[in-house]
Protein chains: 2
Amino acid sequence: MVQKNKLQYIILGLLSEHELTGYDIAKAFTADIGEFWNANHSQIYPLLKRLETAGLITHQLSITGEKLEKKVYSLTAAGQAQLQEWLHEPTTELTASKDEFILKLYFIQDAHDPSLQPMLTEQLLLHQAKLVHLQKQMTRKFADKASQLANYGHYLILQHAIDREQGYADWLTATLKNVD
Amino acid sequence: MVQKNKLQYIILGLLSEHELTGYDIAKAFTADIGEFWNANHSQIYPLLKRLETAGLITHQLSITGEKLEKKVYSLTAAGQAQLQEWLHEPTTELTASKDEFILKLYFIQDAHDPSLQPMLTEQLLLHQAKLVHLQKQMTRKFADKASQLANYGHYLILQHAIDREQGYADWLTATLKNVD
DNA sequence: TTAAAACATGTAATTAAATACACGTTTAAG
DNA sequence: CTTAAACGTGTATTTAATTACATGTTTTAA
């Protein structure tokens with residue numbers, strides 16, 4: 001089984017939890033999973049159609065208010081099977097994280113380059129802000145043990161995102177100390 | 001200045017250190033910067049042409065052996081300027097790192113899912129192997145303080161890659177403890 | 001009550017990226 | 001000496017992803 005086009009599996013995965021509209025799916029990327037994957041609606045809507053013709057999902061129309069039509073998508077048995085297949089395949093590729101700042105840093109050869117310090121400080125602020133944001137999410141969504149176990153995967157990856165940002169911030173802080 | 005197409009800046013950056021062939025540039029992605037960006041030669045060669053017509057780089061032919069022609073590229077003043085401009089622009093976008101494993105994890109709701117433990121173990125092995133590889137690079141390339149300072153940016157990002165892998169492995173280990 | 005924000009769904013066009021095709025040379029190891 | 005690996009440069013095709021275009025409804029806050 002050649003498993004490419006990860007987005008399709010993300011959609012299947014999201015639909016395995018709740019039924020969702022395309023709009024809902026697009027929102028999911030600005031929220032939690034946005035830390036680990038991105039997609040915008042112009043990619044999502046056509047893919048939903050393709051997944052439906054492939055028999056992996058179906059939709060039913062729902063009217064909000066007077067005439068606003070929503071397509072509420074849900075998984076079919078085939079879709080559920082496809083999702084499980086993906087989930088249980090080994091994940092051997094470690095995709096390179098595209099980090100523009102790191103690249104810039106790579107091209108600063110001189111340890112005493114005056115732009116080094118402001119660059120690092122700027123990034124530190126960014127990552128600290130993100131860290132705070134993620135920590136707020138954590139307390140809001142997973143305050144008690146019960147809620148952690150109820151949606152364990154989500155809890156785990158949020159923890160990982162926090163760890164990652166903390167690690168990034170720590171590295172920046174340590175580097176800043178050596179710079180001046 | 002709209003700075004998109006990061007690859008062009010990576011090429012400019014690489015050329016600011018040494019003159020290089022397209023082949024050399026492609027190799028750079030399998031080595032050090034491959035941790036933070038990827039590109040293959042079919043993307044690189046056409047871009048080199050575009051950068052040359054834009055006046056940012058030039059090349060001179062070099063013959064290896066009897067007839068193997070290499071195009072050795074180097075930065076022009078305009079290219080150097082363009083690179084500096086990019087380097088000194090603020091880097092405000094934190095690109096989502098596309099991590100397929102994390103996504104799979106997200107869709108495992110049940111904390112007692114039997115596939116959780118093997119999945120985590122598999123990833124741990126992967127990241128530990130990568131960590132060892134990076135640490136070897138570090139001792140090989142930056143054993144002494146002098147070599148660290150000589151190519152400071154490179155040293156920094158290698159350290160960051162190590163920290164990142166260590167953090168990833170730590171998180172996996174901690175998660176594994178809570179799983180069984 | 002009205003305007004802005006959020007909801008909702010699509011297509012078109014462009015650019016980035018990956019994969020495959022295609023060809024030839026040089027070097028190093030057996 | 002021969003062959004495999006590495007060196008070296010390109011194009012073509014396909015797929016993924018982004019940005020822009022396009023349109024309309026509902027809800028919420030001023």
With B:K49, which residues qualify under salt bridge (Lys or Arg N to Asp or Glu O under 4.0 Å), at least two apart?
none

Testing the 3.5 Å rule here: is there a donor-acceptor pair between the side chains of B:S115 and B:D113?
yes

Between the protein and nucleotides 23-25 of chain D, which nitrogen or oxygen pairs come in under 3.5 angstrom?
| from | atom 1 | to | atom 2 | distance (Å) |
| --- | --- | --- | --- | --- |
| D:dT25 | OP1 | A:K67 | NZ | 3.0 |

Could you pull out the closest heavy-atom pair between A:Q8 and A:K4, with the gap in Å?
NE2-O, 3.4 Å

Would you say the side chains of B:E100 and A:W86 form a donor-acceptor pair under 3.5 Å?
yes

Pairs in or reaching into residues 126-146 of chain A: which pass salt bridge (charged side-chain N to carboxylate O under 4.0 Å, His left out), with residues at least two apart or in two chains?
A:D32-A:K141, A:E35-A:K130

Tell me: CD1 of A:I10 to P of D:dA16, nearest whole Å?
12 Å

Looking at B:Q137 and B:A31, would you say the former's side chain and the latter's main chain have a donor-acceptor pair under 3.5 Å?
no

Protein-nucleotide distance (B:N40, atom CG; D:dT11, atom P), rounded to Å:
15 Å

Contact list for DNA chain D against residues 23-33 of chain A - heavy-atom distance below 4.0 Å
none

Taking only residues at least two apart or on different chains, which pairs with a member in residues 87-124 of chain B satisfy ring-ring contact (aromatic ring centres under 6.0 Å, His included)?
A:H154-B:Y106

Minimum heavy-atom distance between A:V72 and A:T21, given as atom pair plus value:
CG2-CG2, 4.2 Å

Side chain proximity check, A:L103 to B:Y9, heavy atoms < 4.5 angstrom
no

Minimum side-chain heavy-atom gap B:L105-B:L116 below 4.5 Å
yes

pair A:I157-B:D99: side-chain heavy atoms closer than 4.5 Å
no

What is the bend of the helix from C:dT1-D:dA30 to C:dG30-D:dC1 when you compare the axis at one end with the axis at the other, using five pairs each and rounding to 10°?
40°

Tell me whether the side-chain N or O atoms of B:H41 pair up with the base of D:dG10 as donor and acceptor below 3.5 Å, since no angle test is needed here.
yes

Does B:K104 use its side chain to pair, donor to acceptor, with the backbone of A:E89 at less than 3.5 Å?
yes

When the distance from CD of A:E69 to P of D:dT26 is rounded to whole Å, what number comes out?
11 Å

The side-chain contact (heavy atoms from CB on, under 4.5 Å) partners of B:N178 (sequence neighbours excluded) come to A:Y152

In terms of the nearest nucleotide of DNA chain D, which residue is placed more toward the 5' end: A:S42 or B:K71?
B:K71

Start and end of the DNA chain C segment that chain A contacts, any atom under 4.0 Å from a heavy atom
C:dA6 to C:dA17

Separation of atom NZ in B:K70 from atom C1' in D:dT9, rounded to whole Å
13 Å

With ring-ring contact (aromatic ring centres under 6.0 Å, His included) as the rule and sequence neighbours excluded, what pairs involving residues 50-79 of chain A come up?
A:H59-A:Y73

Between D:dT9 and B:T21, counting only base atoms on the nucleotide and side-chain atoms on the residue, is there a donor-acceptor pair under 3.5 Å?
no

Residues in salt bridge (Lys or Arg N to Asp or Glu O under 4.0 Å) with B:K98, at least two apart?
none

Quick one: is A:K4 getting a side-chain N or O under 4.0 Å of the D:dT14 phosphate, OP1 or OP2?
no

Where along residues 43-63 of chain A does a heavy atom come under 4.0 Å from DNA chain C, residue by residue in number order?
A:Y45, A:K49

Could you list who else is in A:L126's hydrophobic cluster, with ILVMFWY side chains joined at under 4.5 Å, directly or through other members?
B:L94

